[in-house]
Novice: 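Quick one: this structure, given as structure tokens, is what I'll be asking you about.
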Amino acid sequence: MLPNLNLDDRTYKQILDRARQSIHRLHPDWTDENTHDPGMTLIELFAYVTEAQQYYINRVTARNELKFLELLGITPQATRQAQAEIQVSEVGQSEWLPQGTVLTADRVTFETTHSLYLLPQKIERVVVQEGSDSTMYAWEGVHSPEFYLFGSEAKQDSRFYIGLDSALPSELPLHLTFDIVEEEQFLRNAVRQDQMHIKPPVQLEWSYFAAWSDGEHGWQPLMITTDHTRELTFDGSLHFQLTAPMVAHAVYPAVEKSRYWIRCVLRQSGYETAPVLKHLLLNTIQAVEGNTAVALERFDSDGSEWIQIQWLHRLAQEGELEVRIREQTGWHLWHVIDELHNAQAEERCYVLQRTADGHVRMCFGNGNTGKIPPAGKRKIMCIAWEPSFRERRYIGQSNGMPVQHYRVASPEEKLAHIRIQVGAIDPLSKEMVWHHWQQVDDLDRSGSEDRHFQYDEYNGEIRFGDNEKGMIPAPATVNNICLIAYTSGGGERGNIKSNALMLNHHPALSPHLQATNYRHGYGGQDAETLEQAKRRLSSDLQQVNRAVTASDYEQIALRTPGLRVASVKALPLYVSGLADYPTRKAAGQMTLVVVPYGKGKPEPSPAYLQAVRQHMEQHRLLGTQLHIIGPQYITVNVQAQLVVEPYCKNQTALFSDILEKYFDPLRQQGEFGKSIRSSQLHNLLSHVPGVIYVQDLWINVEGTGTKRDESGNISIPPNGLAAGGDYRIELFISSEVR
């Protein structure tokens, strides 16, 4: 860290005295140094200017610090909305839950992020088959007991079955939500969006019992559309679709009646520990904390006649709605009419219908009666807003002046999401044409033709540019700055406890529906302060992203996405089987020994090692040949005779447990290749309370590549890791020792 230099280190008097002392050296003919001399007046003036410049140069404002952080790739994080997983219950019949459905807890409001087709089906049984063993669990939703999904060892070809009381609908997007128990000691590394190419260390095969095309019944592949669980290594939802009707079937031992089954088979084993299921739920949906006053959705157009689109959103059902469509000159506002048959050929119009299932449908013309929307992706934009927000949608009228400010929120109101359009008169058609403007953190990097705006969270205002840094909105005689999306909320207050939310009913929903958050809210964060951003910079600078030293390789491998890595040892200039290392070396080689989290002697699967390799390939130096291997376990057998106090006479198991913990592979992080010394074990046992002294101690090891020296110490290979074996402990009291 650079020292904080004091640039304002001279006073006005010091600067003036220094200048006067230089007169005789620079201009010996100057002899009059009295204040009436014009030269002295100029020296005093420049001394004052110099002192003032020093004062301003020495000041580093918050704006300066923000720019310095930006140069280092850090921008203070904005307010974040909390998220919650919602479980909908008491579903009596199939129906749609609209996007934006409101749930409240005290004074905190949550909204569902998308629409959901609610299913009345119920999960009745879960059957786990591991080899020839089958176990049946009666399923009771969030109150069900935890159990191993693929058995306690999660061997290849283990499987589980999900039995439902009735058939799921075909040709509809469906999903199941899995909550997997996570070990807090070794959390699984998160997977960023740019790391999705790194495959999970396991492979699952999903199917369901269905009717085949020839009239027979059997297991048919389940069409998986999205797997947020990454092969059940994370909590999340499995999105799928049935391509054929489900058929009732009996799966042993749940043979008391036929059910409708979904099956999951573990085709490639590679879990660090066997996954334990906590929750398996239907009718779940994600909600975010906030209150949407203006909602926005965009649709594709294929350019055909009589285009129909439908939108399922709470505001579209209850509020007001308009449609804007993108044409060559920009976005145009289309108006609603009762019948398309009365429309002109090029009239920008549509028919609005609200269906019984809650959808809002928009129908467009055929070119003869009503204009056809141009073909293209996301060309049609639907905007819905609360009636009470109507007057706030148009936030102002541009006067064409630089640096215009418009208030969009009160200072105490947190704004989670905002999008705007600015209108301008088309010189040819004389119509108002709208354009999207993009929100940026600041306008310093915006060009003169960039439609950018900045949101000032402190004052609740948006600010436009000056035609040098950001374009000025075109002047208009009417309000031409419009909010097309607006959501308030965010912050830590959304991190609510579990089962706190309650569903706000509205006419489109069945009155008996219930919904709540079965887990606590998470992710809510207040806007990051400057000091917090500076602390985060310090932390980010310490994170290694380029593998140069052995320590770099180890730190990066420990962060392998989607895995739980217990320990890593980097062995530079080493390959497996190299004798006399480090005396002998293999040029250009780097070997990483990786230990996954697990019990006993955890071994990484080939897929696990491949995932580490995929991750490391992005960080290693060119010209370095990388090898990823598992540890070579050296089993240590210990035989000891201890003289103890009488109260320890029958506590043999205590000493075995101490040795077991000492040789636990997860405890020995970074101790690969460490010699097994009898003196260390001698010292370990002698310090146990109740031990008088260690009379005898013998060590025997099992494994290749070990050597015993004259002192009885045992050296192990560089990729070796000591692991507990057989312990034979004999305890004596003093009177029994001759």
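Start at 1 with the first residue, then count along the sequence. What you are looking at is a predicted structure, and each value in this text was computed from that prediction instead of being measured.
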Novice: What I want to check is whether the side chains of Q195 and H615 have a donor and an acceptor closer together than 3.5 Å.
Specialist: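 No - no donor-acceptor pair under 3.5 Å links their side chains.
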Novice: Just checking W437 against F464, ring centres under 6.0 Å apart?
Specialist: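 When the ring centroids of W437 and F464 are compared, they turn out to be within the sub-6.0 Å range.
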Novice: Is it the case that over 12 heavy atoms from other parts of the model lie below 6.0 angstrom from the CZ atom of R18?
Specialist: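 No, because the 6.0 Å sphere around CZ of R18 holds 12 heavy atoms or fewer from other groups.
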Novice: Taking E322 first and then R393, would you say they form a salt bridge - that is, a charged N and a carboxylate O separated by under 4.0 Å?
Specialist: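 A salt bridge is present here (some side-chain N lies under 4.0 Å from a carboxylate O).
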Novice: For S446 and H452, does a side-chain donor sit closer than 3.5 Å to a side-chain acceptor?
Specialist: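 Looking only at side-chain atoms, H452 and S446 do form a donor-acceptor pair, the distance falling under 3.5 Å.
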Novice: For E33, I'd like to know if atom CD has over 12 heavy atoms of other residues, nucleotides or ligands within 6.0 Å.
Specialist: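 More than 12 within 6.0 Å, yes.
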Novice: Any salt bridge linking R392 with E386? Criterion: basic side-chain nitrogen under 4.0 Å from a carboxylate oxygen.
Specialist: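 Salt bridge: no.
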Novice: Among residues at least two apart in sequence or on other chains, which ones pass ring-ring contact (aromatic ring centres under 6.0 Å, His included) with H520?
Specialist: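 Per chain and number, H520 pairs via ring-ring contact (aromatic ring centres under 6.0 Å, His included) with no residue.
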Novice: Taking atom CZ as the centre, does R326 end up with more than 12 heavy-atom neighbours from other residues, nucleotides or ligands that are less than 6.0 angstrom away?
Specialist: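 No, the 6.0 Å shell around CZ holds no more than 12 heavy atoms from other groups.
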Novice: Can you tell me how far OG of S237 sits from CD of Q286, rounded to the nearest 0.5 angstrom?
Specialist: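 These two atoms lie 8.5 Å from each other.
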Novice: Using only heavy-atom distances, determine whether the side chains of E492 and Q525 contain a donor-acceptor pair under 3.5 Å.
Specialist: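 Checked: E492/Q525 side chains show no N/O donor-acceptor pair below 3.5 Å.
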Novice: Between D442 and K67, does at least one N-O distance fall below 4.0 Å, as a salt bridge requires?
Specialist: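 K67 and D442: salt-bridged.
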Novice: Does the gap between the ring centers of Y48 and Y12 come in under 6.0 Å?
Specialist: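 Between Y48 and Y12, the centre distance exceeds or equals 6.0 Å.
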Novice: Between atom SG of C482 and atom CD1 of I383, what is the distance when rounded to the nearest 0.5 Å?
Specialist: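 Taking SG in C482 and CD1 in I383, the distance rounds to 6.0 Å.
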Novice: For a quick test of reading the model, state the closest non-hydrogen atom pair linking R20 to M40 and the distance between them.
Specialist: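 Heavy-atom minimum between the residues: NE-CE, 3.7 Å.
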Novice: For atom NE2 of H27, decide whether the heavy atoms of other residues, nucleotides or ligands shown that lie under 6.0 angstrom number more than 12.
Specialist: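 No.
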Novice: Is it the case that the side chain of D466 and the backbone of E468 share a donor-acceptor pair, with hydrogens and angles ignored and the cut-off at 3.5 Å?
Specialist: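 Such a contact is found between D466 side chain and E468 backbone.
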Novice: Of all residues at least two apart in sequence or in a different chain, which pass the side chain to side chain donor-acceptor pair (under 3.5 Å) check with N459?
Specialist: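 Listed in chain order: D456.
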Novice: Would you call K469 and D450 a salt bridge, taking side-chain N to carboxylate O under 4.0 Å as the test?
Specialist: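 So K469 does not pair with D450 through a salt bridge.
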Novice: Return yes when atom CZ of R298 has more than 12 non-hydrogen atoms of other residues, nucleotides or ligands closer than 6.0 Å, and no otherwise.
Specialist: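 It does: R298 CZ has more than 12 such atoms within range.
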Novice: Hey, what do you get for CG (N545) to CD (Q543), rounding to the nearest 0.5 Å?
Specialist: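 Rounded to the nearest 0.5 Å, the CG-CD separation comes to 5.5 Å.
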Novice: Have T112 and Q99 got a donor and an acceptor in their side chains that come within less than 3.5 Å?
Specialist: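 There is no such pair between these side chains.
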Novice: Counting the benzene-type ring for Trp, do W334 and Y350 have ring centres under 6.0 Å apart?
Specialist: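 That pair fails the under 6.0 Å test.
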Novice: Could you tell me whether D235 and R519 make a salt bridge, using a distance below 4.0 angstrom between a side-chain N and a carboxylate O?
Specialist: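 Result for this pair is yes, salt bridge flagged.
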Novice: Do R419 and Q438 have side-chain N/O donor and acceptor atoms under 3.5 Å apart?
Specialist: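 Result is no, nothing qualifies.
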Novice: Scan side-chain atoms only and decide if T79 and E457 contain a donor-acceptor pair under the 3.5 Å cut-off.
Specialist: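 Note: T79 and E457 side chains meet the donor-acceptor criterion.
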Novice: What do you reckon, is CZ of F46 surrounded by more than 12 foreign heavy atoms closer than 6.0 Å?
Specialist: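 Open.
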Novice: Calculate, to the nearest 0.5 Å, the distance between atoms CG and CG belonging to N517 and L501 respectively.
Specialist: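 If I round to the nearest 0.5 Å, the distance is 4.0 Å.
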Novice: Salt bridge or not for D444 and R63, using N-O below 4.0 Å?
Specialist: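 R63 and D444: salt-bridged.
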Novice: Taking atom CD of E289 and atom OG1 of T104, what is their separation to the nearest 0.5 Å?
Specialist: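 So the gap between those two atoms works out to 12.0 Å.
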Novice: For the CD1 atom of I420 and the CD1 atom of I484, what is their distance to the nearest 0.5 Å?
Specialist: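 Between atom CD1 of I420 and atom CD1 of I484 there are 8.5 Å.
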Novice: Say whether, by atom type as modelled, one donor and one acceptor occur between the side chain of Y406 and the main chain of Q397 under 3.5 angstrom.
Specialist: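 Yes; judged by distance alone, with no hydrogens or angles, the pair exists.
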Novice: Output yes when D17 and K13 qualify as a salt bridge under the 4.0 Å nitrogen-oxygen rule, no when they do not.
Specialist: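 The answer is yes: the pair qualifies as a salt bridge.
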Novice: Side chains of H313 and E318: closer than 4.5 Å at any heavy-atom pair?
Specialist: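 Answer no - side chains too far apart.
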Novice: Of all residues at least two apart in sequence or in a different chain, which pass the side chain to side chain donor-acceptor pair (under 3.5 Å) check with T41?
Specialist: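 For T41 there are no side chain to side chain donor-acceptor pair (under 3.5 Å) partners, ignoring immediate neighbours.
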Novice: Decide if atom CD of E617 counts as having more than 12 heavy atoms of other residues, nucleotides or ligands within a radius under 6.0 Å.
Specialist: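 Above 12, so yes.
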Novice: Using the ring of each side chain (for Trp, its six-membered ring), is W306 parallel, tilted or perpendicular to H341, with breaks at 30° and 60°?
Specialist: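 Tilted, since the angle between the ring planes falls between 30° and 60°.
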Novice: Strictly under 6.0 Å, is that where the ring centroids of H175 and H228 end up?
Specialist: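 When the ring centroids of H175 and H228 are compared, they turn out to be at least 6.0 Å apart.
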Novice: Without hydrogens or angle criteria, can the side chains of S398 and Q404 be said to hold a donor-acceptor pair below 3.5 Å?
Specialist: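 Result is yes, a qualifying pair exists.
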Novice: Without swapping roles, check the side chain of S301 against the backbone of P373 for a donor-acceptor pair under 3.5 Å.
Specialist: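 Indeed, once roles are kept as given, a pair shorter than 3.5 Å links the two residues.
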Novice: Verify, without hydrogens or angle tests, whether D338 (side chain) and V351 (backbone) share a donor-acceptor contact under 3.5 angstrom.
Specialist: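 A pair under 3.5 Å: no.
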Novice: So does K379 pair up with E327, basic N to acidic O under 4.0 Å?
Specialist: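 Looking at K379 and E327, the cut-off is not met.
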Novice: Mind checking whether H359 and R354 have side chains closer than 4.5 Å, heavy atoms only?
Specialist: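 No. Closest side-chain heavy atoms not under 4.5 Å.
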